[in-house]
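No experiment lies behind these values; they were computed from the predicted model shown.
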Amino acid sequence: MSSSPIDVLIQSVPLLMKGLLHTILIAVYSLVISTVGGVVFGVIRTIRVKWVRFISRTYVEIFRAIPVLVTMFFFFFGLPIFFGMDVPSKVAAVTALSLWGIAEIGEIARGALQSLPKGQEEAGKSLGMTMRQIYQYILVPQAVRRMIPPTMNMYTRIIKTTSISVLIGVTEVMKVGQDITQRTGQPIIIYGMILVFYFLLCYPLSEWSRRLEVKRTY
C-alpha cells in the first residue's frame, strides 16, 4: 500500500534535515572564506600598482565569467585527471563557491573603499600613519559598513548556489530530496519542503539587507 502524502512528509523531514545540515556547512565555510578573502582582495584591488591591478582584475574576470558549476567540475573531475589529485566532493564545492565569492565580495569591498572621500586617506597621512594603519583604522572599518547590504545579497546567492553541488555527488538537501522522490514518487511534497528550507535560510538575510538599505537611504 502506498504511503499518504502526510506520511511521506513526516518520514522525510528528518532525512531532509540531515541533508540541510550538509548544505548549511558548505554555505558557512564558503561564506566565511569568501568574506575574509573578499575583504583582503578588495584592499589589494585598490593598490595603485599596475601589475597588481592586472593580476587582480584577471582573477575577477575569470571567476565572474566562468560558471561556478564548471569550476566545481574542474576541482572534482579535472584535478584527478590532470594532476592525480583526489578532491572530496565537499572540498571541491566549498573551493569553487569560495573562489567565486572572493571575486564578487572583493569587488563589493573595492567599490566601498573607493567610494570613501579622498580626504580620509590624506588625513591619515597627515597624522603620520602608514598605509597599513590607514586601511586598518580608517578605511576598512568605514568600508565594511557600506559593504553590508550588497554582501547580504551575495550571501543569499551563495546559499542558493550550494544546490548545484548535488551534481558532483555531495549529499546535501537536494541529493537527499532526489533519493526520497525516487523512492516515494512524491516530488511536489519533497521539493516543496526543500523550497521552504531555502526560503527560511535566505529570507532573513534578504530582509536584513533591505532594512539596511532603507536605513542608509534615510
Side-chain angles (χ1 to χ4, degrees), residues 12-42 44 56 58-109 147 150-183 187 190-206 208-209:
S12 302
V13 167
L15 296 174
L16 290 172
M17 291 299 291
K18 287 183 180 177
L20 183 64
L21 179 62
H22 290 289
T23 298
I24 292 173
L25 286 175
I26 291 171
V28 168
Y29 281 125
S30 303
L31 294 180
V32 171
I33 296 171
S34 297
T35 303
V36 175
V39 172
V40 173
F41 186 65
I44 292 172
S56 60
T58 302
Y59 175 88
V60 170
E61 295 298 333
I62 288 173
F63 286 102
R64 282 182 130 184
I66 297 176
V68 179
L69 181 59
V70 174
T71 311
M72 213 174 278
F73 278 174
F74 172 76
F75 282 102
F76 188 67
F77 296 114
L79 289 185
I81 294 173
F82 296 114
F83 302 102
M85 296 171 58
D86 286 328
V87 179
S89 57
K90 288 178 185 173
V91 174
V94 170
T95 303
L97 288 166
S98 299
L99 290 172
W100 170 53
I102 288 171
E104 294 287 352
I105 295 178
E107 283 301 272
I108 294 171
M147 286 176 57
T151 301
M152 291 300 106
N153 286 329
M154 186 60 203
Y155 281 0
T156 61
R157 291 173 62 194
I158 290 176
I159 291 170
K160 287 183 282 190
T161 308
T162 58
S163 62
I164 66 173
S165 60
V166 66
L167 297 173
I168 59 172
V170 177
T171 313
E172 44 75 77
V173 68
M174 286 296 292
K175 173 65 175 171
V176 174
Q178 283 181 354
D179 294 341
I180 296 174
T181 298
Q182 289 174 358
R183 192 174 66 251
I190 301 304
Y191 289 119
M193 280 300 300
I194 292 173
L195 184 150
V196 171
F197 286 157
Y198 272 104
F199 176 79
L200 293 176
L201 285 176
C202 295
Y203 180 73
L205 293 174
S206 298
W208 187 26
S209 172

Check your understanding: About how many Å separate CD1 of I190 and OG1 of T181, when rounded to the nearest 0.5 Å?
Key -> 5.5 Å
Practice item. Compare all side-chain heavy atoms of V70 with those of F74 and state whether any distance is below 4.5 angstrom. Key: no
Review point. Please, which pairs that meet salt bridge (charged side-chain N to carboxylate O under 4.0 Å, His left out) have at least one residue in residues 168-181, sequence neighbours excluded?
Key: K175-D179
Review point. To the nearest 0.5 Å, how far apart are CE in M152 and CE in M147?
Key: 9.0 Å
Check your understanding: Using 30° and 60° as the class limits, which term best fits the ring planes of F63 and Y59: parallel, tilted or perpendicular?
Key -> tilted
Revision key, fill the gap. Residues S206 and T156: closest non-hydrogen pair is OG-CG2, 3.7 Å
Practice item. Please name the pair of heavy atoms, one in V173 and one in I194, separated by the smallest distance, quoted to 0.1 Å. Key: O-CD1, 3.7 Å
Exercise for review: Check the pair V87, T95 against side chain to side chain contact (heavy atoms under 4.5 Å, CB included), reporting the backbone distance first and the verdict last.
Suggested key: CA-CA 10 Å; V87 179; T95 303; 5.7 Å; no
Point to revise | Any side-chain heavy-atom pair of T162 and Y198 under 4.5 Å | key: yes
Check your understanding: Looking at CE of M174 and OH of Y191, how far apart are the two atoms once the value is rounded to the nearest 0.5 Å?
Key -> 5.0 Å
Practice item. Kindly compute the distance separating OG1 (T161) from CE (M154), expressed to the nearest 0.5 Å. Key: 7.0 Å
Point to revise | Atom OH of Y203 with >12 non-hydrogen neighbours under 6.0 angstrom | key: no
Exercise for review: Any ring pair (Phe, Tyr, Trp, His ring centres under 6.0 Å) involving residues 80-109? Give me the pairs, sequence neighbours left out, ordered by first then second residue.
Suggested key: none
Review point. Do M72 and L167 have side-chain heavy atoms sitting under 4.5 Å apart?
Key: no
Study note, to complete from the structure: Output for pair (I159 CD1, T23 OG1), nearest 0.5 Å, gives 10.5 Å
Practice item. Would you list the pairs meeting side-chain hydrogen bond (donor to acceptor under 3.5 Å, both in side chains) in which at least one residue belongs to residues 28-40, sequence neighbours left out? Key: T35-Y155
Review point. What are the two closest non-hydrogen atoms of I168 and A93, and how far apart are they?
Key: CD1-N, 4.0 Å
**Study point:** Closest contact, heavy atoms only, V176 versus G19
**Key:** CG2-CA, 3.8 Å
Practice item. Sort and list the pairs that fulfil side-chain hydrogen bond (donor to acceptor under 3.5 Å, both in side chains) and have at least one residue in residues 76-90, not counting sequence neighbours. Key: H22-K90
Check your understanding: Taking only residues two or more places apart in sequence or in another chain, which ones pass side chain to side chain contact (heavy atoms under 4.5 Å, CB included) with V196?
Key -> L200
Check your understanding: If every non-hydrogen atom of A92 is compared with every non-hydrogen atom of F75, which pair is closest and at what distance?
Key -> CB-CB, 3.9 Å
Review point. Restricting to pairs with a member in residues 63-72, which pass side-chain hydrogen bond (donor to acceptor under 3.5 Å, both in side chains), not counting sequence neighbours?
Key: R64-E104
Check your understanding: In Å, rounded to the nearest 0.5 Å, how long is the span from CD1 of I158 to CG of L97?
Key -> 7.0 Å
Point to revise | Taking every non-hydrogen atom, the tightest pair across G38 and A109 | key: O-CB, 3.9 Å
Practice item. Please say which of V40, V39, I33 ends up in a side-chain contact (heavy atoms from CB on, under 4.5 Å) with I102. Key: I33
